[in-house]
Every structure is written in structure tokens, then in C-alpha cells.
Amino acid sequence: MSEYKNVNRPVRKKDAMALVTGKPVYTDDLAPADCLTVKLLRSPHAHALIEDIDISAAMKVPGIEAVFTYKDVPNERFSIAGQTYPEASPYDRLILDKRVRFVDDAVAIVAGESEKAVDRALKLIKVKYNVLEPLLDFRRAKDNEILVHPEDNWRSLCPVGADNKRNLCASETSEHGDLEKAFAESDVVFENTYHTQANQQAMMETFRAYSYMDTYGRLNVVTSTQIPFHVRRILSNALCIPKSKIRVIKPRIGGGFGAKQTAVMEMYPAFVTYKTGKKAKMIYTRQESQTASSPRHEMEIKLKIGAMRDGTIKAIDMYTLSNSGAFGEHGPTTVGLSGHKSIPLYNRAEAYRFVYDVVYTNYMAAGAYRGYGAPQGMFAMESAIDELAHMLNIDPIKIREKNMVREGDTMYAYYGEPANSCALDRCLERARELMDWDSKYPSKDMGNGKIRAVGMAMAMQGSCISSLDTGSVTLRVNDDGFYTLLIGASDMGTGCDTILAQMAADCLCCDVDDIIVHGVDTDSSPYDSGSYASSTTYITGMAVVKTCETLIAKLKHYAKPFLECGEEDMEFNGREIINTKNNKKISLKDIAYSSQNNNDAEALCATESHSSPISPPPFMVGMAEVEVDKETGKTELINYKAVVDCGTVINPNLARIQTEGGLVQGIGMALYEDVVYNEKGGTLSNSLMQYKIPTRQDICDIQVEFEPSYEPTGPFGAKSIGEIVINTPPPAIANAVYNAVGVRIRELPITPEKIYNGMKKK
Amino acid sequence: MDIKLWINGKLIKDSVEPDTPMLEYLRSKGCYSVKRGCETSNCGLCTVWLEGKPILSCTLPLMRADGKHITTLEGLQSEAEEFGAFLADEGAEQCGFCNSGFIMNVLAMKRELKNPTEEEIKEYLAGNLCRCTGYVGQLRAIKNYLKSVKGEAGNE
Ligand code: FES
Ligand code: FES
């Protein structure tokens, strides 16, 4: 049982009952009825210049308020990536551009009183395009003569190896040890190439925002976002107006998974409101959310591993090519995770090298999706390790036990950070038991034309962006002695408002119900870089711990004249402060009232920020059992076991749901989710019919357990949970399929066709 | 066109365009629990009851409800709370955006199926997508809920 009163307990989410009873708490539920409807005219071409655009007929449609084209918007480039300034992502966007760079790129903004009027106006805009040859092969993008961003006002703010005249969004090399020597001394060298596809986050609530001017003449934007403070800066850059003129509010949001770490569409309604002074609302259709959004980066990963015959891994060489699409959002940063989160798993290697290029192409821009670049790297690494194990005739578990990172290690490929807390070995041991690996590995012929087999994968992630992510909270004592916790991090359904309140409650010796949480409003919430990079529990959680300490110190200071003693002789028990020498007390309630009378309310309010020089990785092991039809290649996932080390589990229910939900997204990525394009660059996966996400009936038995370590730098010993959980299914399932029928799938998704073709070839 | 219908028991007489979609109409009448998640009848977020039977309000023209009763989650608040508590105790309400449509179908299933098996539950709810939970927590909640209502029925 938990040693804490609130932490490590399955507390109900604070917003739960509102959500299950269907209360109007989301963006579109709150929007005023008289908002202008805002929609976009989109490009039919993957690459073209707008020669001429005629909006006169569209403007004549009754009820049309405005039509904007590239001629109406500022010519200052910006990035819509939600990252701390100066962003690693290049400034390569305009609100509307003369050059369109992918099929469905924005051409014109139409705002009108009704959807019908807007739809009619959209049809009446006449555009003459100079159609250009598109760049649709990301393997040939670097130094191609077709340039996606030839413009001179393109800018890269950080030294990430970007060069628009080479279609390079980023490039880098990092290494450790003597690679050549380590390969030369290896008994065997394994080499292969892996490919991971683009995926859509497919959160149930599509992108949406509405905007209005407030009493003070400021632009207010209510949006379904993970990054309210970044949205404020992005809009300020896009509209070329000061940040002080903008307020961003985040209500409840219907899922994000990283999609909403990019300000995909806030600029359109905001621009309409800014120009017309009128309320404006934009709701992306599912189709737009599928065709003009921010999916996972497609990557090709070449891996070369040197090892000794006994399975000792000596050298790892990785090259990742990442497809950023038409714009560079999160391009320079996602790619890093493909190596920095996979190579350190095999930390005993003497030497490693990690090289990458991120290129522009004429596809929809990629963005952030749970795991960032780690799932891509993990698929390559964990597939390759199994291939190596088979080559050496070693059990996949044995080769991992021999080489994996352990507590106390310095992780060279992870910026030299320490593994202060690491229960990966225990996770592996427990998963092996849960799966009954030893009796199931590698496979069993079921005698009915089907074979069952098991496969496994390890994974790690981070708990923040080291020395960059910042979380802050403000805590106030109110007149009855209850607290208000102002949070700048975005709860996107995952429950951060609740787990932060759990932590505060334990620090303040009170109940979760004594803590009121207030979600994000850039006017009143303290700064938080946002809910991404798995950072909320670890970073904002630590801000909560610090803020509570500061507040308690302030309370004690305030109590001095009442208790007539120094702070060192006081004790705070949650309800009162006690002079331990003479038992004299003053209640929190009395302190609160007194501070209001004394014009000293500030004394009872504290704000602290936190950032961390390290990003302690959570670790996990996933094991899949599949059944493959020897005739057709049809593959069924029978069961999945996952054991996770996320440090102290702050809320077991919410952590379990995160894990289950992430695993199922990973299973979709492994087996069928795929953003598919036609030869002209148009997205075929433009609906939930064409882009299949797992349904209830696709989901097998999933069993999740936690194997906690204690992270000394985390709040209550916690690390992160949100992202790591998507990483294991693609490699674990690929490895299981190989163990079943001897077919190695190196290109996701693992479809029956590919397995069938593989079996044919043998 | 003139239309007469009951929304959550309340009689409404209105004049609407013949192609008015039911989903947007219900929202315009304050039934904000009804959500849209797609344009291709794939997500189930928009599920409401027509004459007590679950339907997708995104695909049905409003005129089909002429003279009929529509029920949304706003009209089933106490049942929503009752089942929702089980969901909340698993943490399986998560972002909540799929919850209304999902709960409408769970409550319909409870009326329609006696002691459903796991397979029957999955089949009945197959059209309700959820991207947050991975469905496993929802299934635990349903099982606990059905157990509890069965227990109550047994005590009567
Ligand atoms: S809105 Fe998706 S099925 Fe109705
Ligand atoms: S809870 Fe978010 S989609 Fe189901």
C-alpha cells in the first residue's frame, strides 16, 4: 500500500464527472453562436505558384464577411511548432503564401455568416496556378534541384544544420568512442535498413479554435491546444502584433497526442478576428485533420551493429533520414530521438555514431506525435537486435540482458546523462514471467494452419527536454483555508490537473478536494512551456513540490507574531500551524482571514518554476504473442504484456490507462495505420474509413504492470509515462512475426500482404 | 419545412431546411454532449437514441425524426452518472470526447442485451471509437457496471 495519502493512489480525475455526463466543456461547446464561420480554400497541387487569384465573385455571396489571400497577410516567416523560443524549427511559414507546397496547402481564407455561404464562396474563388514539379521522393530530396523553400526570408534560428537551398531542415553527427576500431574488433557486423511510415494522431476532437476581441481591444483565442503560451507567441509572430495584445485560453481538449503541439490552424480564425473585429470560429473537418495536419515523421533508418560471437555489442552506427514534408515543424528535434532514445538502451557498446538528415518534400508537413522520433528509432533498433540475436543463435532476451543499460550507468548516447533510476532489468524479468516466454519462445504450430509466436522489445523515452522545458505553478490560500492551484500545463485528458493536485495535497497535508485547479489562460496561469516531451509529471510536478515548500515557509513566517516563535519551532499539519514548544496554534483559516484584513494577501501566495538539467528516462519492456496464418499471412495479436518503470506511479489508474492507450496506438502503427499518398502527392488516407485506427474488436488481451524505480530528481520519485508506452508494439510484433514464419518485416506497417509475399519468397 | 419532435421529452415545433443534419440541430438546441468526430459514419461520437434505439445523428436528416422522440445524454443524466462513475474509477473517461456517444450505446446495450459476453459487448460497441484509452479500461468499467446493476436487480 502507498506510503502517501494522495500520491500513488487511484484518485478520480477532477473533471471526470463533467466529462462522463457530457457537459459543454470543449472549445466548440463554448463558442458564441454568432461567430463567423472560417474555412480555407486548399491547393489541388503539390507544388505550384499562384499566378492569379480572383475573389470578386466570392465576395459577392450574401453573408460573406471577408476573403483573404496571400496578398493580405504579413510577409514575415514564422514557425507553428510549439517549442521554446528560439525554436529549433525553421521560420518557413506565412499565413498564406504565393507558393503552395503540398496538396491541400492553404490558398485563401473565407469568413462568412453561415457555413452554406462560405461553401458557396469557396467554389467561386478563381485561381490560376503555375504548376511546378513536386519533390515527392524524400530519399532524393537533399540537394535536389527542386527547392521546397527557395525564398530568401526563410530563417533558421538555431544551429541545427539547416539549409533551405539544399532542402535541409536539419542535419547532425554525434559520436562517442573509436567507432572504426570497435567495428574492426567485432566478430560479426550486422547491417540493414528500416522504414517507418507517417501516422496520424487521430485524436477524436479535430483541430479547432475561436477568437474574439475583448473589452480591452485584445485578441482572445480559445483553442484546443497543448501549448497555450507558445500559441500566444506564434500568433504574435504570424500576425505581427505584440504578445501583450493576445490572450490564449485552453478549455478541456479532446485528445492531442502531440498533434496539438503544433498551432496547426489558430492563425486563420485569429487573423479573421484581427482584421474584421468579429468573432470567428474554425473547426477542422476530419478530412482536414487527416490531410493538412501534423502527422508523425516518416523515417528511413540504416543501422550497423558490430558484436562479438558471445553477443557482446561493441559498436552501433545509425543514420536516420527524416521526411519533414512541406514545412519544418519539429523536424530538427524529432529526428534526434530516433538515435538518442534507442542507442543508449545498449549502453555497453564501446563506440557509437549517430548521423541524421531531415529533408523538405512536397507532402503535408509532419509534426509531433507521441514518442516524437523514438518509435521510429526503436522499431529499427529492436528489430535489428533480434536479427543480430538470430544471426548469433542467441535468445533475444539473453542478448539484451548482456548489453542493456543498468542503474548507475552514464548514457553516452543520451547526452552523457546518468541512469539514476533504471528498473529495465526487472521489467524484462517480470515480462518474461507474465508472457511465460521460456515455454512459448520462439513458436508453436497450432496444427490448424496457424503458428503462434512471441516477440519482444525494450524501450526508453525522456521525462522532459533537459535544461529547456519549464513548468510553473501558483498556489494561493483562500479565505476558508482551501487552495487554488494555477497550472500552466495543458491537461489534455491525461489527468495532469489531477495528479498535480495529488502531489500538492500530499505536500500540504490535505485532501485533493481541498485543492482547486485552474486550467490554462495565458493571462492568469504561470508560464509553462506546455504539455509535451512527457514533461508534465516530472517538471511541473517538481514545480508543485517547490511551490508548496515556499508557501508553507510563507505561512510560517506569517504566523510568527501569532505564535511568538521562530519558524524552526513550528509545525504545519495541514489545518494549523503549531508552536511545538507550547502547543499554541493558529488555524489555516484564521491565517487566511487575517491576511485579507491585513492587506497582506500576497503573503499567502507562492509561485515557483522548475526545469531540469537531466531528463531521466522511463524504461519498459513489451512482449507480443501473435498468431499467423501460414497460408494468407493474416496476423492476429493474441496478447500483449507490458511492464513499465516510470519511477513512482503518481496515479496507478491514470498511468495504466496511459499505458493501455499508448500500446493500442502502437499496435495500430505496427499493423495498419499508414498515411498513404497518390503519385501526385495527394493524401489517400483522408478519413477514418481510409485511415484505420484500432477498434474495440481489434484489441486483444493487454496486461500492464509497473516495476517502479525511484528517480531522485523527480517529484516523489516520479518519471514520465505519456510517450514511452507507444514504442514497443511495432518491433515486438515484427519480432513475433519473424519467430512465427521466418519473415522479417523491415517496413511498417506489418500487413498480411507483406508477410504473404515474404513467405512466398522463401 | 415544419417539424415536430421531442428532445429529451420536451416537445419542439420548428421550421427547418429539409437537409438539416440531426447532429448540428441537436447542438443548436443545447445538446452539447452530441459530438462530431468524422464525416464518414466511422466514429460513433454522435450516437443518440431515436425512439429509444441508438442511431448516428451525423448521417440521419432531422426530418426522419418528425413526430418522434430523440434522447441525448442530457436526458439521461442520472444513468450517465451511474455508469460514468465506473468509468471514472478506471480513469477511463480520459479526454472525454468520445464518452457521450459511447455511454449512449452502453446504456442502450444494457437495455437490449441480458448478460452479454465480452465478445457481445465488443460487437455492440464496435462503432464507438476511442483514441485515448485503448478500450481495455472501458471494458473493465462496463463489466463492473453490469455486475453492479445485476446485483441490484437481484436484491430487489
Ligand atoms: S460523427 Fe462520426 S459517426 Fe457520426
Ligand atoms: S477518451 Fe479520448 S477519445 Fe475516448
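Chain naming here is simple, since letters A, B, ... match the order of the sequence lines and numbering starts at 1 in each.
Nearest heavy-atom pair across B:Phe97 and A:Arg208 is CZ-NH1, 3.9 Å. Minimum heavy-atom separation, A:Tyr26 to B:Gly96: OH-C, 3.0 Å. When all heavy atoms of A:Ala16 and B:Glu93 are compared, the closest pair comes out as CB-OE2, 3.4 Å. The two residues B:Cys43 and A:Leu688 come nearest to each other via the heavy atoms CB-CD1, 4.2 Å.
Looking at A:Gln290, there are no atoms closer than 4.5 Å to chain B (heavy atoms on both sides), in backbone or side chain. Looking at A:Lys14, neither its backbone nor its side chain comes within 4.5 Å of chain B, counting heavy atoms on both sides. Contacts of B:Glu17 with chain A are made by side-chain atoms alone, with heavy-atom separations under 4.5 Å and no backbone atom involved. For A:Asp28, the parts lying under 4.5 angstrom from a heavy atom of chain B are both the backbone and the side chain. Interface residue B:Ser100: only side-chain heavy atoms are found under 4.5 Å from chain A. With a 4.5 Å cut-off on non-hydrogen atoms, A:Ile253 touches chain B through its backbone but not through its side chain. Only the side chain of A:Val664 comes within less than 4.5 Å of a heavy atom of chain B; its backbone N, CA, C and O stay farther away. For B:Leu125, the parts sitting under 4.5 Å from any heavy atom of chain A are the backbone and the side chain alike. Both the backbone and the side chain of A:Pro694 come within less than 4.5 Å of a heavy atom in chain B. Using a 4.5 Å cut-off between heavy atoms, B:Phe102 contacts chain A through its side chain alone, with no backbone atom that close.
A:Lys13 places no side-chain N or O within 3.5 Å of a backbone atom of B:Cys95 that could act as its donor or acceptor partner. Put simply, the side chain of B:Gln94 never gets that close to the backbone of A:Ile657: no donor and acceptor are under 3.5 Å apart. Distance alone, capped at 3.5 Å, places no donor-acceptor pair between the A:Arg696 side chain and the B:Leu129 backbone. With hydrogens and angles disregarded, a donor-acceptor distance shorter than 3.5 Å links the side chain of A:Asn653 to the backbone of B:Asp89.
Atoms SG and CE, from B:Cys98 and A:Met203 in turn, are 14.0 Å apart once rounded to the nearest 0.5 Å. Annotation: the span from A:Thr21 atom OG1 to B:Ile103 atom CD1 amounts to 8.0 Å, rounded to 0.5 Å.
Using a 4.5 Å heavy-atom cut-off against chain A, the contacting residues of residues 63-74 of chain B are B:Leu73, B:Glu74.
Of the residues considered (A:Ile702, A:Ile693, A:Leu654), A:Ile693 shows the highest number of contacts with chain B, using heavy-atom pairs under 4.5 Å. Ranked by heavy-atom pairs shorter than 4.5 Å toward chain A, the options B:Ala126, B:Gly101, B:Ala85 are led by B:Ala85. When B:Gly127, B:Ser41, B:Ser33 are compared by the number of non-hydrogen pairs under 4.5 Å with chain A, B:Ser33 comes out ahead. Of the listed residues B:Cys130, B:Cys31, B:Gly91, B:Gly137, the one with more heavy-atom pairs under 4.5 angstrom with chain A than any other is B:Gly91. Of the listed residues B:Ala92, B:Ala80, B:Gly37, the one with more heavy-atom pairs under 4.5 angstrom with chain A than any other is B:Gly37.
Open room surrounds CZ on A:Arg120; 12 or fewer heavy atoms of other groups in view lie less than 6.0 Å from it. The number of heavy-atom neighbours closer than 6.0 Å to CD of B:Glu123, taken from other residues, nucleotides and ligands shown, is 12 or below.
A salt bridge links B:Asp19 to A:Lys116: one of the charged nitrogens lies within less than 4.0 Å of a carboxylate oxygen.
A heavy-atom distance below 4.5 Å is found between the side chains of B:Lys35 and A:Asp29. Under the 4.5 Å side-chain criterion, counting only non-hydrogen atoms from C-beta, B:Glu81 is not in contact with A:Val20. A 4.5 Å side-chain heavy-atom check between A:Glu205 and B:Arg131 finds every atom pair outside the cut-off. Using a 4.5 Å heavy-atom threshold, the side chains of B:Glu90 and A:Glu660 count as separate. Side chains of A:Asn686 and B:Glu39 form no contact here, defined as non-hydrogen atoms less than 4.5 Å apart.
Under 3.5 Å, the side chains of B:Glu119 and A:Gln697 contain no donor-acceptor pair of N or O atoms.
With sequence neighbours excluded, the residues satisfying side-chain contact (heavy atoms from CB on, under 4.5 Å) with B:Thr40 are A:Ser687, A:Met689, B:Cys38, B:Asn42.
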